[in-house]
Undergrad: 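I'd like to ask some things about the structure below.
Note: hydrogens, waters and symmetry copies are ignored here, and every other heavy atom, side chains too, is used. Quick note on labels: first sequence line is chain A, next is B, and so on, each numbered from 1.
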Protein chains: 2
Amino acid sequence: MSASVTSRALDLLGAFDTDHRALTLSALARRSSLPLATAHRLVGELHRWGALARLDSGEYVIGRRLWDLGLLAPVQAGLRQAASPFLHDLYGATLATVHLAVRDGTEVLYIDRLSGHDSVPVVSKIGSRLPMHATGVGKVLLAYGPEEVLTEVLGNLTRVTAYTITQPARLLDQIRRVRADGYATTGEEMSLGACSVAVPVRGADREVVAALGIVVPDLRRERARLVSALQVAAQGITRTLTSVEWK
Amino acid sequence: MSASVTSRALDLLGAFDTDHRALTLSALARRSSLPLATAHRLVGELHRWGALARLDSGEYVIGRRLWDLGLLAPVQAGLRQAASPFLHDLYGATLATVHLAVRDGTEVLYIDRLSGHDSVPVVSKIGSRLPMHATGVGKVLLAYGPEEVLTEVLGNLTRVTAYTITQPARLLDQIRRVRADGYATTGEEMSLGACSVAVPVRGADREVVAALGIVVPDLRRERARLVSALQVAAQGITRTLTSVEWK
DNA sequence: ACTTGCCTTCCATCCACCGGAAGGTTGGTC
DNA sequence: GACCAACCTTCCGGTGGATGGAAGGCAAGT
């Protein structure tokens with residue numbers, strides 16, 4: 001359990017997150033609980049290798065080489081590649097923010113996103129994680145995911161906006177409806193002024209591998225059109241996934 | 001110059017590249033010239049931390065945590081964010097493959113890409129590097145980049161297809177025309193059946209920070225329309241870049 | 001039964017990491 | 001200009017943890 005030298009370098013990297021993209025040496029040392037001199041040396045090595053880059057300001061940021069490496073991660077690489085054209089189509093047809101997400105533990109992990117200038121501003125980013133119970137894609141993944149996950153999520157419904165569903169019974173009700181209808185919706189449950197629709201994306205064995213969602217300001221009128229556009233796209237993705245072999 | 005322990009872990013990571021996304025432990029050890037036992041321990045640490053993931057087959061791949069980290073890299077983060085909506089617009093208007101690229105050394109680095117099902121198949125991927133003299137975006141970046149880079153590239157014009165420009169004088173001639181016209185074109189110089197148009201993207205100080213390109217099967221008729229669409233998009237990106245402050 | 005190529009564990013040696021301390025730099029305040 | 005605070009950088013001796021050869025286990029192929 002002791003801190004091996006490698007893990008110290010990793011702890012340093014772990015000091016970076018979405019709210020801390022650029023850190024000074026001393027901030028890095030503080031955040032990773034390492035003596036300054038030690039951090040200095042390790043950061044030097046990481047920098048030399050290209051894992052970290054240094055801004056003019058002297059702050060360190062994640063370097064290009066780690067970016068490269070990150071792109072090699074098979075975080076649903078096949079899925080993303082297969083989905084990409086359909087996401088564009090969907091965006092072209094609706095001009096709304098389009099999301100592709102998978103489940104990561106008890107959260108939703110956004111693995112791709114498109115949004116234009118006119119789209120509703122939303123919190124999600126590629127790589128960000130959001131609670132399942134407050135997002136359209138989340139509800140879909142809950143409805144078609146393992147029962148344990150649903151149980152766990154039901155026990156921890158944190159409020160985000162005034163419209164967030166926090167009563168287990170109500171969420172469960174909605175989840176049942178998702179299973180019946182084949183799609184999920186939200187109304188300002190994650191951020192005000194943003195509603196969403198989402199459908200499941202199935203893989204080669206018909207199991208649900210991801211969720212495809214769209215965010216619009218209002219879906220009272222559009223719902224039917226959006227659902228069918230989403231379903232067409234989801235089917236297209238499935239077709240691509242089953243035809244292309246991904247070793 | 002000696003192999004510090006941290007750099008060994010990094011060497012291990014360096015064993016991964018686009019052609020080697022999944023490696024067995026012994027392959028990793030071989031590719032990074034480390035004794036198997038050492039590699040075993042280091043890989044174990046990286047795996048525990050989440051830098052590496054293990055497939056069912058036993059092979060290791062880049063893990064989700066490194067993917068996360070990579071997304072934090074400011075590889076033109078501001079540029080990508082500013083450009084994203086315009087890329088979508090451009091894609092919507094042309095249904096062709098759209099590229100956003102910057103110069104990295106003497107190569108072109110693609111930092112964003114959109115392509116649909118109907119688009120011309122191309123070799124570029126996000127994160128991939130291609131030679132400057134055989135791509136539209138590359139010619140643009142050559143025309144507006146440092147003179148030294150141009151000199152170096154001129155000295156090393158490797159052939160890719162039958163149409164690749166390999167005579168320095170001819171390339172220089174084209175570069176001059178790019179400066180005069182404000183856009184560059186290619187005709188099957190990188191891959192057969194693919195032509196491209198590209199324009200420079202300027203930053204806050206009017207300096208060229210990136211290139212925006214589009215790939216089509218044929219540009220005899222369309223050229224004028226594509227160039228103007230590209231220029232509109234490039235100006236939009238510049239406007240966004242100058243209005244949004246990127247700390 | 002033998003070979004080949006993986007992965008994993010062990011442990012005594014030794015050297016490379018550790019980190020306190022000292023010194024340098026920048027920038028702010030009186 | 002003198003002082004202070006908060007950074008960053010370099011140095012170096014002692015020591016504790018990384019090292020990697022060796023041995024053993026497992027699976028597949030001959």
Undergrad: Which residues pass the side-chain contact (heavy atoms from CB on, under 4.5 Å) test with A/Thr161, sequence neighbours left out?
TA: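 Counting only residues at least two positions away or on another chain, A/Thr161 forms a side-chain contact (heavy atoms from CB on, under 4.5 Å) with A/Tyr163, A/Thr164, A/Leu192.
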
Undergrad: Looking at residues at least two apart in the chain, or sitting in another chain, which of them share a side-chain contact (heavy atoms from CB on, under 4.5 Å) with A/Ala27?
TA: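 A/Leu23, A/Thr24, A/Arg30.
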
Undergrad: Take atom CG of B/Leu46 and atom P of D/dA18, then tell me their distance rounded to the nearest Å.
TA: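 For the pair B/Leu46 CG and D/dA18 P, the rounded distance is 13 Å.
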
Undergrad: With A/Phe86, which residues qualify under ring pair (Phe, Tyr, Trp, His ring centres under 6.0 Å), at least two apart?
TA: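 For A/Phe86 the ring pair (Phe, Tyr, Trp, His ring centres under 6.0 Å) partners, ignoring immediate neighbours, are B/His117.
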
Undergrad: Could you check how far CZ of B/Arg48 sits from P of C/dT8, rounded to whole Å?
TA: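 It is 12 Å, rounded to the nearest whole Å.
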
Undergrad: Figure out the CZ/P separation between B/Arg31 and C/dC6, and round it to whole Å.
TA: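 Between P of C/dC6 and CZ of B/Arg31: 14 Å.
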
Undergrad: Could you list the residues that satisfy side-chain hydrogen bond (donor to acceptor under 3.5 Å, both in side chains) with B/His47, not counting sequence neighbours?
TA: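 Result, side-chain hydrogen bond (donor to acceptor under 3.5 Å, both in side chains) vs B/His47: none returned.
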
Undergrad: Can you name the residues that form a ring pair (Phe, Tyr, Trp, His ring centres under 6.0 Å) with B/Tyr144, not counting sequence neighbours?
TA: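 By the ring pair (Phe, Tyr, Trp, His ring centres under 6.0 Å) rule, B/Tyr144 matches no residue at all.
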
Undergrad: Show each protein N/O and nucleotides 3-8 of chain D N/O combination with a separation under 3.5 Å, one pair to a line.
TA:
unit_1: D/dC8; atom_1: OP1; unit_2: A/Leu25; atom_2: N; d: 3.1
unit_1: D/dC8; atom_1: OP2; unit_2: A/Ser26; atom_2: N; d: 2.8
unit_1: D/dC8; atom_1: OP2; unit_2: A/Ser26; atom_2: OG; d: 2.6

Undergrad: Can you list, pair by pair, the side-chain donor-acceptor contacts under 3.5 Å of residues 147-157 of chain B, counting residues two or more places apart and other chains?
TA:
unit_1: B/Thr151; atom_1: OG1; unit_2: B/Glu147; atom_2: O; d: 2.9

Undergrad: Counting primed atoms plus P, OP1 and OP2 as sugar-phosphate and everything else as base, spell out the protein contacts along nucleotides 20-27 of chain D at 4.0 Å heavy-atom distance: B, S or - for each nucleotide, 5' to 3'.
TA: BB------

Undergrad: In whole angstrom, give the distance that lies between atom CG of B/Leu28 and atom C1' of C/dT8.
TA: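 After rounding, the reported distance stands at 16 Å.
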
Undergrad: Any sub-3.5 Å donor-acceptor pair from A/His133's side-chain atoms to A/Thr158's backbone N or O?
TA: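 Present.
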
Undergrad: Report the distance from atom CG of A/Asp11 to atom P of C/dC17, rounded to the nearest whole Å.
TA: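 Spelled out: CG on A/Asp11 to P on C/dC17 is 17 Å.
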
Undergrad: Test of understanding: with side-chain contact (heavy atoms from CB on, under 4.5 Å), list the residues that count as partners of B/Leu71, not counting sequence neighbours.
TA: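 Checked B/Leu71 against side-chain contact (heavy atoms from CB on, under 4.5 Å); matches are A/Ile126, B/Trp67.
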
Undergrad: I'd like to check the side-chain hydrogen bond (donor to acceptor under 3.5 Å, both in side chains) partners of A/Arg202; sequence neighbours left out, ordered by chain and number.
TA: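 With neighbours one apart ignored, the set is empty.
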
Undergrad: Pairs in or reaching into residues 46-56 of chain B: which pass salt bridge (charged side-chain N to carboxylate O under 4.0 Å, His left out), with residues at least two apart or in two chains?
TA: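 Output for this query is empty, none listed.
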
Undergrad: For the helix from C/dA1-D/dT30 to C/dC30-D/dG1, figure out the bend between the end axes, five pairs an end, and round to 10 degrees.
TA: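 Helix axis angle between the two ends: 40°.
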
Undergrad: If you measure from CE on A/Met132 to CG on A/Leu141, what distance do you get to the nearest 0.5 Å?
TA: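 Rounded to the nearest 0.5 Å, the CE-CG separation comes to 4.5 Å.
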
Undergrad: Measure CG/A/Leu12 against P/C/dG19 and give the value in whole Å, please.
TA: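 Rounded to whole Å, this separation is 12 Å.
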
